[in-house]
Asks: 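Just passing along the structure, written as structure tokens.
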Amino acid sequence: LFTPISSTKTYLIDNCGYKVHEWQSEYRPALSVYLQDDGSVVRTGALQTPFIGGGTGGRVECISWEGELKWHFHYSTDDVQQHHDIEVLPNGNVLLIAWEQLSSEEAIALGRDPETIGSRLWPDHVVEFDPNEGGTPEIVWEWHVIDHIIQDYDSEKPNYGVVADHPE
């Protein structure tokens, strides 16, 4: 199962390299595609974004075996960007990893050394969403790495401590 980077098609091939099936999308891939038990695929798609880097995506979609778009979810704005991989959970919800954009001023206010940052910082976060097939997808849970960072640069800023004392 694969989606060539320059294509909008996802292919399922057998062990001899023969095409078994294909699914058509309107979007080029963004590194992840998974075959579901019902024959549908859940895949990421690349959207235009202000985030420039490898693995950018922004769209998660489910396409049935028959080629019908069952649902889609966009997670791409000027402030957040889905990237790289996703995970379909047993309950049908989907986990995705994303960047959130912080300005250098925001990062410095959190204790970042001004000498080690450019104009912005892209910390990761994880989002779980319910695709709500037939309805509007809904974010049901989020975890932000920035909420768990210990910094040892500025004792006047949040989360100051000894980094080695916090392996979590």
Side-chain angles (χ1 to χ4, degrees), residues 1-104 106-107 116-149:
L1 182 68
F2 67 100
T3 305
I5 197 69
S6 62
S7 176
T8 56
K9 292 183 179 180
T10 297
Y11 298 97
L12 178 63
I13 60 171
D14 66 17
N15 289 338
C16 295
Y18 293 106
K19 181 175 74 171
V20 174
H21 195 70
E22 69 181 55
W23 296 261
Q24 177 67 50
S25 174
E26 294 181 30
Y27 296 86
R28 290 181 52 185
L31 301 179
S32 298
V33 60
Y34 295 96
L35 183 61
Q36 303 302 291
D37 289 341
D38 67 357
S40 64
V41 291
V42 177
R43 69 185 294 276
T44 55
L47 300 176
Q48 295 293 344
T49 173
F51 289 79
I52 299 175
T56 58
R59 179 181 171 96
V60 182
E61 61 187 6
C62 182
I63 303 170
S64 73
W65 182 265
E66 295 77 21
E68 175 190 347
L69 180 65
K70 294 172 70 174
W71 55 261
H72 72 279
F73 179 63
H74 285 195
Y75 198 72
S76 178
T77 68
D78 288 345
D79 298 316
V80 298
Q81 176 65 52
Q82 178 271 328
H83 67 86
H84 290 91
D85 207 1
I86 58 171
E87 176 72 23
V88 179
L89 300 174
N91 68 359
N93 288 359
V94 178
L95 286 178
L96 63 81
I97 188 168
W99 293 303
E100 57 187 317
Q101 185 163 232
L102 295 179
S103 68
S104 59
E106 291 170 312
T116 64
I117 189 168
S119 61
R120 62 190 157 279
L121 184 68
W122 295 352
D124 279 316
H125 64 287
V126 178
V127 171
E128 177 183 349
F129 72 92
D130 178 349
N132 223 351
E133 191 173 328
T136 303
E138 176 185 357
I139 293 174
V140 296
W141 177 81
E142 297 181 46
W143 181 91
H144 298 259
V145 73
I146 200 70
D147 296 335
H148 305 276
I149 290 179

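Only this structure's heavy atoms are used, side chains among them; waters, hydrogens and symmetry mates stay out. On a predicted model such as this, the values are computed, not experimentally measured, just so you know.
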Asks: Rounded to the nearest 0.5 Å, how far apart are CG of Asp85 and CG of Leu31?
Replies: 8.5 Å
Asks: Quick check: closest heavy atoms across Ala30 and Gly57, and the distance to 0.1 Å?
Replies: CB-CA, 3.4 Å
Asks: Step by step, would you call Thr8 with Gln24 a side-chain hydrogen bond (donor to acceptor under 3.5 Å, both in side chains)?
Replies: CA-CA 6 Å; Thr8 56; Gln24 177 67 50; 2.6 Å; yes
Asks: What's the shortest heavy-atom distance between Ser104 and Ile117, and which atoms?
Replies: CA-CD1, 3.9 Å
Asks: Quick one: sort the His74 and Tyr27 rings into parallel, tilted or perpendicular, breaks at 30° and 60°.
Replies: perpendicular
Asks: For Pro137 versus Phe129, what's the shortest heavy-atom pair and its separation?
Replies: CB-CD1, 4.3 Å
Asks: Please check if the side chain of Arg59 supplies one atom and the backbone of Tyr75 the other of a donor-acceptor pair under 3.5 Å.
Replies: no
Asks: Calculate, to the nearest 0.5 Å, the distance between atoms OH and OG1 belonging to Tyr11 and Thr3 respectively.
Replies: 9.0 Å
Asks: For a 4.5 angstrom cut-off between non-hydrogen side-chain atoms, does Lys9 reach Ser25?
Replies: no
Asks: Compare all side-chain heavy atoms of His148 with those of Trp143 and state whether any distance is below 4.5 angstrom.
Replies: yes
Asks: Nearest heavy-atom pair of Ser76 and Leu47: which atoms, and what distance?
Replies: CB-CD1, 3.9 Å
Asks: Looking only at non-hydrogen atoms, find the nearest pair between Leu95 and Val126 and report the distance.
Replies: CD2-CG1, 4.0 Å
Asks: Using side-chain heavy atoms (C-beta onward) and a distance below 4.5 Å, is Val42 in contact with Val60?
Replies: yes
Asks: Please verify the inter-ring angle class for Phe51 with Trp99; under 30° counts as parallel, over 60° as perpendicular, anything in between as tilted.
Replies: parallel
Asks: Could you grab the distance from atom CH2 of Trp122 to atom CD of Gln81, nearest 0.5 Å is fine?
Replies: 8.5 Å
Asks: Assess, by modelled atom type and distance only, whether the side chains of Asp79 and Gln101 contain a donor and an acceptor separated by less than 3.5 Å.
Replies: no
Asks: Counting only N and O atoms by type, is there a donor-acceptor contact under 3.5 Å from the side chain of Ser32 to the main-chain atoms of His84?
Replies: yes
Asks: As a quick check of understanding, evaluate side-chain hydrogen bond (donor to acceptor under 3.5 Å, both in side chains) for Asp124 and His83, giving each step before the final call.
Replies: CA-CA 9 Å; Asp124 279 316; His83 67 86; 2.7 Å; yes
Asks: Rounded to the nearest 0.5 Å, what separates atom SG in Cys62 from atom OH in Tyr34?
Replies: 14.0 Å
Asks: Under a plain distance cut-off of 3.5 Å, with no hydrogens placed, do Glu142 and His125 share a side-chain donor-acceptor pair?
Replies: no
Asks: For Ile52, does the CD1 atom sit with more than 12 other heavy atoms under 6.0 Å from it, leaving out its own atoms?
Replies: no
Asks: Passes side-chain hydrogen bond (donor to acceptor under 3.5 Å, both in side chains), Thr44 versus Gln82? Steps please.
Replies: CA-CA 9 Å; Thr44 55; Gln82 178 271 328; 4.8 Å; no
Asks: In chain order, what residues pass the side chain to side chain donor-acceptor pair (under 3.5 Å) check against Thr116, with sequence neighbours excluded?
Replies: Arg112
Asks: What are the two closest heavy atoms between Thr56 and Ala46, and how far apart are they?
Replies: O-CB, 4.3 Å
Asks: Rounded at 0.5 Å granularity, tell me how far CD in Glu128 sits from CD1 in Ile139.
Replies: 10.5 Å
Asks: Any heavy-atom pair between the side chains of His144 and Pro123 that's under 4.5 Å?
Replies: no
Asks: Does a donor on one side chain and an acceptor on the other come within less than 3.5 Å for Arg43 and Thr10?
Replies: yes
Asks: Would you check if the side chain of Asn132 reaches a backbone N or O of Gly135 as a donor-acceptor pair within less than 3.5 Å?
Replies: no
Asks: List the residues meeting side chain to side chain donor-acceptor pair (under 3.5 Å) with Trp141, not counting sequence neighbours, and say none if there are none.
Replies: none
Asks: When rounded to the nearest 0.5 angstrom, what is the spacing between CD1 in Ile97 and CD in Glu87?
Replies: 12.5 Å
Asks: I'd like to know if the side chain of Trp23 reaches the main chain of Ser64, judged simply by a donor and an acceptor atom lying under 3.5 Å from each other, with no hydrogens or angles considered.
Replies: yes
Asks: Using the benzene-type ring in the case of Trp, are the ring centres of His21 and Trp65 under 6.0 Å apart?
Replies: yes
Asks: Between Lys70 and Ile63, is any pair of side-chain heavy atoms under 4.5 Å apart?
Replies: no
